[in-house]
Amino acid sequence: STVTKLLLNSLQEETNPITHSDLYERTEHVVSMASGHQVSESRRNHRIYHEARSRKLMAQKETTTATEHPQILSNVKVYIDGLLTGTTDIEMKRIITRAGGQILYSASGASHILTSQLLSGSKTHRLLTKKTRIPVHVVKPEWVFDSIKAGKRRPERDYTIMNSSGMMDIAMLMQKRN
């Protein structure tokens, strides 16, 4: 309180640090146009970035030999979608790549979608209406574990998430609409 009174009484004096400070002149002022969002200025083509990243990951993967880990899931491209019960996505990525599979960061181009829950309506619609030569299998994580345990790929139909009779009803409905 004594300090406050002293400062208030000395507002006109040049020794007062509040009213006669040169801090503004000694400060470097920066005007930021940042929006609060992360914006990449250098990587505009994400495909090139992901291709380079995939090449680097493949080079790292080649350090482990096929005799060390059987390549049961070779030619399998997996997209992990949503919740995985009994495991984590990090563990599944490690297991799948060790078994020769490839992890994708988008569902396009995937041969398998790995999840423990039903897909959203829009994803299911996309899968049913997409014209592709190779069908996409939506399977539970147990398919990966059981395939590795058996030493060969297990049939996907035993581990499917999508109910085939329900999917047939939706597929029929979609055909009737078109």
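One is the number of the first residue; the rest follow in order along the sequence.
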Could you work out, with side chain to side chain donor-acceptor pair (under 3.5 Å) as the rule, every residue matching [X], not counting sequence neighbours?
| X | result |
| --- | --- |
| T2 | none |
| D146 | Y159 |
| S108 | S106 |
| T19 | none |

Can you give the donor-acceptor pairs under 3.5 Å from side chains of residues 135-145 to other protein atoms, not counting sequence neighbours?
unit_1: W143; atom_1: NE1; unit_2: R154; atom_2: O; d: 2.8

Task: Test log, rule side chain to side chain contact (heavy atoms under 4.5 Å, CB included), inputs H112 and E156 - done: CA-CA 9 Å; H112 293 74; E156 287 87 354; 2.8 Å; yes
Open item on the list: Return the NZ to CD1 distance between K152 and I72, rounded to the nearest 0.5 Å.
Closed with: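 Output value for this atom pair is 11.0 Å.
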Open item on the list: Under a 3.5 Å distance rule, please check whether S74 uses its side chain to pair with a backbone N or O of G100 as donor and acceptor.
Closed with: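 It does not hold such a pair.
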Task: Common cluster, L104/V78, ILVMFWY with side-chain heavy-atom separation under 4.5 Å - done: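 Each belongs to a different hydrophobic cluster.
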Open item on the list: Would you say CD1 of I90 has more than 12 non-hydrogen atoms from neighbouring residues, nucleotides or ligands within 6.0 angstrom?
Closed with: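 Atom CD1 in I90 is not packed in, count stays at 12 or less.
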Open item on the list: Quick check on K93: does its NZ atom have over 12 non-hydrogen neighbours (other residues, nucleotides or ligands) under 6.0 Å away?
Closed with: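 Yes, enclosed.
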Task: Inter- and intrachain pairs under ring pair (Phe, Tyr, Trp, His ring centres under 6.0 Å), touching residues 78-108, at least two apart - done: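 Qualifying pairs: none.
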Open item on the list: Is there a side chain to side chain contact (heavy atoms under 4.5 Å, CB included) between T88 and L84? Walk through the geometry before answering.
Closed with: CA-CA 6 Å; T88 64; L84 300 176; over 6 Å; no
Open item on the list: Quick one, L114 with D81, criterion side chain to side chain contact (heavy atoms under 4.5 Å, CB included). Give me CA distance, side-chain angles, the key distance, then yes/no.
Closed with: CA-CA 6 Å; L114 196 65; D81 184 80; over 6 Å; no
